[in-house]
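Just so we're clear, the structure is a prediction, and the values are computed from it rather than from any experiment.
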Amino acid sequence: MDPKSISSSWGLSNKMLIGMSVGVVVAGGAGYLIYRHLHRDLMPEKWRRVGTLQKIHIFPVKSCAPLPVATDQEYDCDILGIGIGNVRDRKFMIITNNNEMITARGYPHMLLIQPKQLPNGLVFSAPGMPDLELDFKELATGSKDVATSVWGVAVDVMVCGTRFDKWFSEFILKKDSGLKLVYYPYPEPVRDTVPRLKHMPFLRQKDSGTFNDATSYMMMNQSSIDDLNTRLKRPVDAQQFRGNFDLKMDVDEPYAEDHWQWIRIGDETVFRVVAPCTRCILPNINVNTAERDVDGEPLKTLRSYRLFDYPSPALGIHLGIRRQGIIKANDVVYVEAK
């Protein structure tokens, strides 16, 4: 039946027909957007193995050394980040007396601050400093809240206390004061998404984690690190990129992670790949000596072939958790099967 017949049969004018057509298109478009939104995190039904989880890293204090743990340690992964009991990734951060975040980008020797786990807390050590113990029960008593930010994104934090402020100030600034150790007091992510990543279609606000730069989880492919090292005079350690997960692939595939959308570790824990990890100067600092590379490597070399359309080169992938679970080193890593 042609349009004139439809108009005649239903007593509709041409303007009314056009309006209805537009309405159908709009409704269809809205339906598609809703469908796409609801199904953007639809987990794959089929998976394929790509390798094993070689190493796992928890950084209790932002920009400090990772927690040393036994190879058979189990880790729980939830919306806040990776952790062992009360010890969570990047739950602590150091700020100035003006409530501004500091990192190893400006103070490289922060990488030499070593946290170790206690039954209900942490102990911090650093060259030339006495050990400093922190009991998590002290944090539960409540303290003064402070307004600060992580890369311009506001967040309220709690201070740990003057004896911690003095210890970190002495090691980092060589002064009796000037810095404060603060902690993340919330049971879930509260920060807004980092502005530079807001255009990423699969990123959720709750992927922001604790005091993470961008998201609560990050993975490095050791094959990509190995390929990068073939281009460098002085090889770098994967730990310089400060990822939570180091993947050892079954078949050497540098940069294969650029094309993944989903990752499963073990039988239950599932992550969405939400963004590439673009790199600052921090990987230029040797994790063992806290010295900057004199040639600006590996960032200089990464800029020569991993810049793409980003302002800084990309290496590694940001993840958002979509199904919580327990993981451990040597767990099998899967990606979506095409």
Side-chain angles (χ1 to χ4, degrees), residues 56-67 77-83 88-96 99-108 110-111 113 115 147-157 181-184 186 188-200 202-221 224-225 236 238-246 257 271-285 287 292 298-299 302-303 306-308 310-321:
I56 301 172
H57 306 288
I58 294 180
F59 302 91
V61 185
K62 187 176 181 68
S63 267
C64 295
L67 195 72
C77 297
D78 62 20
I79 191 65
L80 203 58
I82 188 170
R88 312 303 301 184
D89 187 56
R90 294 166 171 95
K91 181 173 182 174
F92 296 88
M93 182 171 70
I94 303 164
I95 64 175
T96 69
N99 299 335
E100 297 174 344
M101 173 188 75
I102 71 166
T103 71
R105 296 164 181 82
Y107 301 91
M110 288 176 64
L111 296 177
I113 298 174
T148 184
S149 65
V150 177
W151 301 119
V153 180
V155 60
D156 288 343
V157 301
L181 181 68
V182 299
Y183 68 96
Y184 189 90
Y186 309 103
E188 62 180 23
V190 298
R191 286 188 299 133
D192 195 7
T193 301
V194 177
R196 63 184 172 84
L197 294 181
K198 283 192 173 182
H199 66 286
M200 293 294 173
F202 304 116
L203 186 64
R204 294 177 175 180
Q205 178 274 323
K206 289 194 174 182
D207 294 332
S208 60
T210 51
F211 294 134
N212 309 72
D213 279 0
T215 65
S216 47
Y217 296 90
M218 198 255 285
M219 174 175 280
M220 301 301 303
N221 176 4
S224 301
I225 304 293
V236 295
Q239 189 177 311
Q240 288 180 217
F241 296 92
R242 301 184 68 79
N244 298 114
F245 307 135
D246 292 348
E257 66 274 19
F271 302 88
R272 190 69 153 107
V273 181
V274 295
C277 186
T278 52
R279 293 298 170 179
C280 62
I281 62 171
L282 193 52
N284 289 356
I285 303 172
V287 293
R292 296 185 192 275
L299 191 63
L302 284 171
R303 283 187 173 276
R306 293 288 300 176
L307 198 56
F308 308 119
Y310 307 118
S312 55
L315 191 67
I317 46 179
H318 286 301
L319 310 176
I321 196 163

Could you tell me if the side chain of [Y] sits less than 4.5 Å from the side chain of [X], heavy atoms only?
{"X": "Met110", "Y": "Val61", "answer": "no"}
{"X": "His318", "Y": "Asp207", "answer": "no"}
{"X": "Arg191", "Y": "Asn212", "answer": "yes"}
{"X": "Pro195", "Y": "Val153", "answer": "yes"}
{"X": "Ile79", "Y": "Lys206", "answer": "yes"}
{"X": "Cys77", "Y": "Phe271", "answer": "yes"}
{"X": "Val274", "Y": "Leu319", "answer": "no"}
{"X": "Trp151", "Y": "Met101", "answer": "yes"}

Which pair of heavy atoms, one from [X] and one from [Y], lies closest together, and at what distance?
{"X": "Phe241", "Y": "Val236", "answer": "CE1-CG2, 4.0 Å"}
{"X": "Asp89", "Y": "Thr210", "answer": "O-OG1, 2.8 Å"}
{"X": "Ser63", "Y": "Ala104", "answer": "OG-N, 2.9 Å"}
{"X": "Leu282", "Y": "Arg105", "answer": "CD1-N, 4.0 Å"}
{"X": "Leu111", "Y": "Ala65", "answer": "O-CB, 3.5 Å"}
{"X": "Ile82", "Y": "Ile56", "answer": "CD1-CG2, 3.3 Å"}

In a check of side chain to side chain contact (heavy atoms under 4.5 Å, CB included) between Thr215 and each of Ile317, Ile321, Leu203, which one passes? Leu203

Ile95 pairs by side chain to side chain contact (heavy atoms under 4.5 Å, CB included) with which of Thr148, Leu181, Ile102? Thr148

Axial cation check for Phe59 ring with Arg242, 6.0 Å and 45° limits: yes

[atom2] on [Y] to [atom1] on [X], rounded to 0.5 Å:
{"X": "Cys64", "Y": "Tyr107", "atom1": "SG", "atom2": "OH", "value": "13.5 Å"}
{"X": "Ile94", "Y": "Lys62", "atom1": "CD1", "atom2": "NZ", "value": "11.0 Å"}
{"X": "Arg306", "Y": "Ser312", "atom1": "CZ", "atom2": "OG", "value": "11.5 Å"}
{"X": "Leu315", "Y": "Met220", "atom1": "CG", "atom2": "CE", "value": "4.0 Å"}

Are any side-chain N or O atoms of [X] and backbone N or O atoms of [Y], one a donor and one an acceptor, separated by less than 3.5 Å?
{"X": "Asn244", "Y": "Met218", "value": "yes"}
{"X": "Tyr186", "Y": "Leu80", "value": "no"}
{"X": "Asn284", "Y": "Leu299", "value": "yes"}
{"X": "Arg279", "Y": "Gly316", "value": "no"}

Is it true that Lys198 and Asp192 make a salt bridge, defined as a side-chain N closer than 4.0 Å to a carboxylate O? yes

If the threshold is 4.0 Å, N to carboxylate O, is there a salt bridge linking Asp213 and Arg196? no

Go through it in stages, so that I can follow the logic: the residues are Arg88 and Asp78, the test is side chain to side chain contact (heavy atoms under 4.5 Å, CB included), and I'd like the CA-CA distance, side-chain angles, deciding distance and then a yes or no. CA-CA 10 Å; Arg88 312 303 301 184; Asp78 62 20; 3.0 Å; yes

Evaluate side chain to side chain contact (heavy atoms under 4.5 Å, CB included) for Val273 paired with Glu257, printing each intermediate quantity in order. CA-CA 9 Å; Val273 181; Glu257 66 274 19; over 6 Å; no

Phe245 vs Tyr217 aromatic rings, parallel, tilted or perpendicular, using cut-offs 30° and 60°? parallel

